Amino acid sequence: MKVILFCQNAYAFGIMDPIQEVLKSESHEYLWYIPEKLFGGFPFKTEKFTTSILDLQLFKADAIFVPGNEVPYYLRGLKVQIFHGLAGEKKGHFHIRNYFDLYLTQGPYFTKKFNELKAKYKNFEVHETGWPKLDVYGKSRNAYQKDKEHILKGFDTDKIILFAPTFSPRLTAAPFLLHEIEELAQSTGYVIFVKFHDLMDPKWITAYKNLSLRIPNIIFQEEKNIIKFLLQADILISDTSSVIYEFLLLDKPVISFRNIADNIQWDDSREYTQLTKKVLDNIHNDPFKSQRDVVNQEYHPYRDGNSAQRMVDVVEAYIEKNGVPETRDLSLARKLKINNLFGKPVAQPWDGNKRNKLTALLITYNEINNIEAVLENISFADEIIVVDSNSTDGTIDIIKKYPHVKLILRPFKNYTDQKSFAMDQATNDWILFMDADERLTDPLKNEILKTVNSNKEEPVAYMFLRTFMFKDKVLRFSGWQSDKNYRLFRKSKVKFDKERIVHETLLIDGKSSVLKNRLIHYSYSSYEDYKGKMVKYGQMKAIEEYEKNKKPYFYHFIFRPLYKFLNHYVLRLGFLDGRKGITICYLNALGVYSRYKELKRLRSLDKK
């Protein structure tokens, strides 16, 4: 069985991990999907994963597990929703969006609700399996006990308290309990873990981090998976967070503030006061123990740690009986929403028939902010080679974590020299040459795969049009609207012009063409970043002109930069880009000025 583990948020990792282990033990093929925003925190980078929806199209899954509310309707596979919480009272928990063929529920309370909806909609199945995130309760409940004992001994206390509020600005208790948490820590000496959702307001993250710096027994936890802290804590403080139910299932007391549930079976307060008194009462007297037993039976009665196994078994049985759905029928409005979230399906995707191999090349220097993303972006290539100019910012250490990437360290002379060297290292004829701040879109990636694997002898080189990004916003004019560069070519048919050391030029023996889809170029992360690039390029261009014995004159310093600015701002419509157009056109002109300033300096050295 081929399975996609489809994640839209970081909380999905802990839910999906037990399913991954079952799939692995039964030799199923699986592929993680994560959006680019989660790339840095993804904990399973040694597993097969992608940030590309096109890869999911090409994967042709049998099933897609989704601990979220949306999934692309156009992907092949049984679409299975796994719920990402136990708070059934929250708005939208029992909302049918028609994206899913199968709903897997946690316990009788949820199963009953979804069976009622099944009778209404008649276009999905419901099975009760338990929740895989809680499999650890059955298999590894004492996994962190020694760590807990070490923490308690270090603070000479006997209890750990977990404060885990929701992030919702309307519902969170974080702003109101700051001083109560401080008083609790100082008066009891208990260890207090503070664990916030990824989406918590940064203001409160900072406030509680500062509190933890002042008071040693308050520990701000940034580890993604909250399960460790649920297992270690003796009591939970929260508000409306669904983590309450996860904690209740451990049969331990909960204190909440202004919870919105209809049927509260724990200690809830309408006022943000007397926290210390409540904590001591619940620890020593546990007045809500009998109510917890009811919650456990209704919300998640499974104690065997086999919910993930049941999920995989149910999916296999469903597919054996009903086959694999190719798509999911949706209303036009729903389709438009999915297309907005994940992009339209790539039309006529590559057939998967590999006729030629592709080498992807990068030259890098201090690309710590780009290197992981670009390596993932070009991971479909058969060979990846990075020639690095002895980076000092950690770029090299990151590249070394990718065993399939060949890293070569080589001092930088100029762009043409470095790129020519890199191309010589490639073992395949087809070359994809990228800059670290460039990204392939799914349509462009598909176009590359189809081009490389076609039977056509011509063209031998392809230019890519580029979309320039100005601080993550598209720069539509300012001279960049028609920018294009050679990025895909056959090694045997090209070479770099050695007389050009910046804005290198490719000499081609054969026909060339331009691919239809655009490359994304994140060329401008800040004003200083772009300014540095323009000055550097200008100085390197000066070396070219110096070697051609060119001399700078007065008009080079005044009229050439002025012409560059006016050409890009007026003739090439930079004024339509607003303030960012002025900035870009000015920096381009600065690059020209820097060229002649450097040329003047080089020529002055000849006179000494």
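Not measured: the values here are computed from a predicted model.
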How about F229 and Y144: are their ring centroids closer than 6.0 Å? no

Would you mind checking if D429 and K493 are paired as a salt bridge, meaning a charged N to carboxylate O distance below 4.0 Å? no

Determine whether N356 and N428 satisfy the following criterion, side chain to side chain contact (heavy atoms under 4.5 Å, CB included), listing intermediate values before the conclusion. CA-CA 8 Å; N356 296 297; N428 300 312; over 6 Å; no

Looking only at heavy atoms, the pair that brings P349 and N446 closest together is CA-OD1, 3.3 Å

Using distance only, find each side-chain donor-acceptor pair of residues 381-390 under 3.5 Å and give its atom names and separation, not counting sequence neighbours.
residue	atom	partner	partner atom	Å
D382	OD1	K354	NZ	2.6
D382	OD2	L358	N	2.8
E383	OE1	T359	OG1	2.5
E383	OE1	T427	N	3.1
E383	OE1	T427	OG1	3.1
E383	OE2	T427	OG1	3.0
D388	OD1	T364	OG1	2.6
D388	OD1	S391	OG	2.7
D388	OD2	N390	N	2.9
D388	OD2	S391	N	2.7
D388	OD2	S391	OG	3.1
S389	OG	Q418	NE2	3.1

query: What do you reckon, is NZ of K401 surrounded by more than 12 foreign heavy atoms closer than 6.0 Å?
result: no

Hey, is K337 close enough to E70 for a salt bridge, meaning N to O under 4.0 Å?
yes

Should E47 and Y30 be marked as a side chain to side chain donor-acceptor pair (under 3.5 Å) after you check the CA-CA gap, both sets of side-chain angles, and the distance that decides it? CA-CA 9 Å; E47 301 290 343; Y30 59 91; 2.7 Å; yes

Discussion item. In terms of relative ring orientation, are F42 and F49 parallel, tilted or perpendicular, with 30° and 60° separating the classes?
Written reply: tilted

> Would the number of heavy atoms belonging to other residues, nucleotides or ligands and lying under 6.0 Å from NZ of K24 be above 12?
Replying inline: yes

Checklist line | K511 atom NZ: more than 12 heavy-atom contacts under 6.0 Å | finding: no

**Report entry** Pairing of R518 and E447 as salt bridge, 4.0 angstrom limit
**Finding:** no

Next item on the list: Scan side-chain atoms only and decide if E246 and W131 contain a donor-acceptor pair under the 3.5 Å cut-off.
Entry: no

Rounded to the nearest 0.5 angstrom, the CD1-NZ distance for I378 and K445 is 11.0 Å

Could you tell me if the ring centre of F196 sits under 6.0 Å from that of W204?
no

| field | Side chains of Y486 and S512, donor plus acceptor under 3.5 Å | value | yes

Is there a side-chain contact between M434 and N377, using heavy atoms and a 4.5 Å cut-off? yes

- Do Q57 and Y74 have a side chain donor and acceptor closer than 3.5 Å? no

Salt bridge or not between K48 and E29? Use side-chain N to carboxylate O under 4.0 Å. yes

Are K79 and Y99 in a cation-pi setup, meaning NZ or CZ lies under 6.0 angstrom from the ring centre and within 45 degrees of the ring axis?
no

K60 atom NZ, neighbour heavy-atom count above 12 within 6.0 Å:
no

Check: Is it true that the NZ or CZ of R334 lies under 6.0 Å from the centre of Y73's six-membered ring and within 45 degrees of the ring axis?
Finding: no

Open item on the list: For F167 and H197, take the angle between the two ring planes, folded into 0 to 90°, and tell me which bin it lands in: parallel under 30, tilted 30 to 60, perpendicular over 60.
Closed with: tilted

